[in-house]
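To start, the structure itself, in structure tokens.
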Protein chains: 2
Amino acid sequence: MPTSKDVAQAAGVAQSTVSYVLSGKRPISEKTRKKVEAAIEELTYQPNAGARALAGRRTRVIGLVIPFIPELEMASLMEFVSVIASTARQFDHDILLVTEDEGAAGLRRVVGQQICDGLILMQVEDEDERLPVARTLNVPVLLIGIPRDPSGLVCIDADFAMAGDQCVRDLAAAGHNVISIIEWQPAVVNRHVNYVHRFMRGADAAAESLGVAVHHFPGGADVAIISESVDKALAATEGVPAFIAPDRTIQDILRRALAAKGLTPGVDVSIIGSASPTLAELQPVPLSTIDLRPKEVSRRAVKIICDLLEAENQGPHESLELVPTVITHRSSTLRPPSGN
Amino acid sequence: MPTSKDVAQAAGVAQSTVSYVLSGKRPISEKTRKKVEAAIEELTYQPNAGARALAGRRTRVIGLVIPFIPELEMASLMEFVSVIASTARQFDHDILLVTEDEGAAGLRRVVGQQICDGLILMQVEDEDERLPVARTLNVPVLLIGIPRDPSGLVCIDADFAMAGDQCVRDLAAAGHNVISIIEWQPAVVNRHVNYVHRFMRGADAAAESLGVAVHHFPGGADVAIISESVDKALAATEGVPAFIAPDRTIQDILRRALAAKGLTPGVDVSIIGSASPTLAELQPVPLSTIDLRPKEVSRRAVKIICDLLEAENQGPHESLELVPTVITHRSSTLRPPSGN
DNA sequence: TCAATTTATCGATGCGTATCGACGATGCGT
DNA sequence: ACGCATCGTCGATACGCATCGATAAATTGA
């Protein structure tokens with residue numbers, strides 16, 4: 001592997017000059033720059049990351065702490081990871097995976113060994129054991145998710161309250177007076193990932209202000225429980241029933257249960273939930289969705305932490321950014337009665 | 001951040017002694033070791049990765065090149081990534097994400113800058129543009145997937161031929177004379193990820209040797225196409241029909257199409273396919289599955305590349321490892337006629 | 001008891017880059 | 001023509017660790 005010294009020699013300049021050509025931190029004449037660039041090209045020189053990190057006290061690597069929760073939807077997780085990685089590249093950074101099974105010690109390790117300049121924590125819980133550690137690390141940390149106490153931390157997440165609000169308003173506008181929410185899996189709810197609560201709060205508040213009723217029913221991944229919830233929900237509804245079904249599994253089971261009763265989404269019943277556009281289109285009756293915009297959340301997360309890395313003016317930062325959600329009408333919900 | 005020099009000072013020894021305590025590459029007396037270890041504890045010293053890489057010419061980082069293929073099942077991809085990352089930790093290595101959108105240049109970058117000691121390439125295609133580059137990199141590269149020409153490369157993958165063989169044998173043993181395979185999405189097949197062909201070859205060979213018929217039908221993610229395939233398959237079958245349905249989407253659509261015709265899996269029709277155990281159990285009729293063992297493939301992949309890194313005796317290696325697949329009977333297939 | 005080993009530790013050096021101070025060359029105004 | 005600021009480049013040094021040769025201390029054998 002050629003070094004900057006080799007480049008310098010080939011170009012007939014000092015090593016430091018090569019360094020300045022690369023960083024642009026001092027003026028270099030057109031002539032020398034050309035020579036150096038030619039030598040770099042010629043030798044296919046690439047700077048050594050270790051040496052760069054050592055001398056420059058910057059690795060240009062961001063640690064991404066990925067959760068290990070079997071109940072979680074792996075597909076959506078992968079979408080975050082993938083977008084985060086490619087966005088990081090746009091900011092000239094790389095992503096190092098830190099798995100949850102190392103626990104909080106993993107954070108101390110990658111920061112302590114200076115493998116990373118900063119961290120992104122995914123799937124942050126209400127009371128997250130990683131937070132006390134995160135607060136003491138002297139590097140920027142970005143949370144995806146909002147803990148109970150976000151003081152001294154930088155957070156971003158989808159605006160779940162807005163999502164709940166939008167769903168309820170939308171269904172109410174379509175003429176529903178009673179809206180049934182099939183809730184997340186208890187395993188998820190009990191982990192206190194508070195987006196569930198935020199969603200519900202948004203939904204309940206909207207219901208109250210609009211004078212419609214929102215009923216909550218147990219959901220999860222169990223066919224029997226969801227079927228029972230559907231029965232109860234239907235019994236408690238006069239007029240056309242409306243369902244909010246958070247994830248794919250619940251949607252699948254709900255759809256099947258309704259089909260068994262001869263109810264067609266968009267005609268005899270409304271369903272709205274969260275799903276990727278492609279998956280939503282794939283359904284027999286394309287699903288109206290509330291888009292939590294994982295890509296946008298990922299992109300902004302990377303941007304925020306890169307800004308923090310750039311600034312580097314120490315001192316704990318604190319901020320909280322909520323990404324607006326977007327509702328998309330397809331065929332699974334009734335249309336509002338009149339003029340668009 | 002404390003350095004090894006600080007530790008040395010605190011312990012009253014030379015910096016090099018601290019280094020030897022850590023590496024164990026020279027004998028150290030019990031007494032000094034204790035002192036040094038105490039100092040390390042006291043200062044919560046952690047060696048600087050950059051300096052270590054620079055001096056030791058080893059980063060202990062493995063680059064993981066993740067594909068970006070929308071058609072791919074993100075969930076299974078995430079399982080690979082997650083298991084690879086935690087297995088790497090067991091071998092005292094970390095995983096750096098390299099996204100496909102950098103293309104082959106990404107490989108050159110992470111290796112050229114010596115961010116990584118080696119690479120794992122996922123989702124390797126028959127004629128993969130990354131391979132010529134991979135061959136010239138002077139670091140170990142491990143492929144998950146088998147290209148058309150694996151010479152000079154180290155590969156691992158699930159044994160798809162075995163999977164095809166097992167599915168056909170199993171269905172034949174249950175009394176089916178005609179077996180219908182709903183194929184992968186054309187987008188996947190056309191990418192020449194040859195596991196599709198290997199699966200088919202295994203299936204066809206088994207069929208021939210058993211004297212049963214295997215019919216192939218177009219699949220994918222399109223409801224209309226799959227429904228038509230199901231109709232044709234049923235028309236072409238006398239007796240109880242049997243289906244092999246590769247992925248989740250195909251399974252979902254197939255199940256719905258069969259239900260619409262009043263056919264119940266495990267009674268009037270057999271279905272077998274690839275799915276995670278939890279997902280398989282979740283179905284109304286638990287799905288008999290062929291397990292492609294992504295976790296085992298991931299674990300072995302990491303082990304192989306770590307062994308190569310350990311060995312470090314240059315020269316191109318070459319090997320090909322196939323991980324046996326496992327068939328699991330649940331309720332969606334007929335049972336073999338007689339005494340187990 | 002003394003030379004020959006072995007054992008435990010130290011000091012010095014190199015890894016490849018970034019950065020700082022210094023210095024000659026150039027351009028400016030007067 | 002002369003001092004002065006600016007520009008462009010060089011040389012030296014630090015970053016934190018691994019490693020090699022050397023040295024001092026402890027052990028062995030005869």
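Numbered from 1 within each chain, the chains take letters A, B, ... in sequence-line order.
Looking at residues two or more places apart in sequence or on another chain, you find a side-chain hydrogen bond (donor to acceptor under 3.5 Å, both in side chains) between A:Arg33 and A:Glu30.
At the heavy-atom level, B:Ser16 lies under 4.0 Å from base atoms of the strands shown. Note on B:Val13: only backbone sugar-phosphate atoms sit closer than 4.0 angstrom, heavy atoms only; bases stay farther off. Among the protein residues, B:Ser19 comes within range of the nucleic acid bases, having at least one heavy atom under 4.0 Å from a base atom. If you check every strand for non-hydrogen atoms under 4.0 Å, B:Ser23 touches nothing. Heavy atoms of B:Ile28 sit under 4.0 angstrom from primed sugar atoms or phosphate atoms, though from no base atom.
In terms of phosphate contacts, A:Arg57 brings a side-chain nitrogen or oxygen within less than 4.0 Å of OP1 or OP2 of D:dG16. At C:dT9, none of the side-chain N or O atoms of B:Thr17 fall inside 4.0 Å of OP1 or OP2 (strictly under the cut-off). Within the structure, a side-chain polar atom (N or O) of B:Ser29 is placed less than 4.0 Å from OP1 or OP2 of C:dT9. One finds a side-chain N or O of A:Ser4 lying less than 4.0 angstrom from the OP1 or OP2 phosphate oxygen of C:dT17. The shortest distance between the side-chain N/O atoms of A:Lys5 and the OP1/OP2 oxygens of C:dT17 is not below 4.0 Å.
Rounded to whole Å, the distance from NZ on A:Lys31 to C1' on C:dA25 is 12 Å. In this structure, CD of B:Gln9 is placed 13 Å from P of C:dC10, rounded to the nearest angstrom. Separating the CG atom of B:Asn48 from the P atom of D:dC15 is a distance of 12 Å, rounded to the nearest angstrom. One atom, CG of A:Leu54, and another, C1' of C:dG14, lie 12 Å apart when rounded to the nearest Å. Atom CD of B:Gln15 and atom P of D:dA18 are 8 Å apart (whole Å). Here the C1' atom of nucleotide C:dG16 and the CG atom of A:Asp6 are 10 Å apart, to the nearest Å.
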Its dot-bracket string being built from Watson-Crick and G-U pairs below 3.5 Å, with | for another strand and [ ] for crossing, DNA chain C has the pattern ||||||||||||||||||||||||||||||

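Side-chain atoms of A:Asp117 and A:Thr59 form a donor-acceptor pair, as typed in the model, at a separation below 3.5 Å.
Between B:Gln114 and B:Pro27, it is B:Pro27 whose nearest contact on DNA chain C lies nearer the 5' terminus. Each of A:Ala55 and B:Arg33 was assigned the nucleotide of DNA chain C with the nearest heavy atom; the assignment lying further toward the 5' end belongs to B:Arg33.
A donor N or O paired with an acceptor N or O is not found under 3.5 Å between the base of C:dA8 and the side-chain atoms of B:Glu30.
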Pick out the pairs of N or O atoms, protein on one side and nucleotides 21-23 of chain C on the other, that lie under 3.5 Å.
from	atom 1	to	atom 2	distance (Å)
C:dG21	N7	A:Arg26	NH2	3.3
C:dG21	O6	A:Arg26	NH1	2.3
C:dG21	O6	A:Arg26	NH2	3.3

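In this structure, the nucleotide among D:dC17, D:dT19, D:dC10 sitting nearest to the side chain of B:Arg52 is D:dC17.
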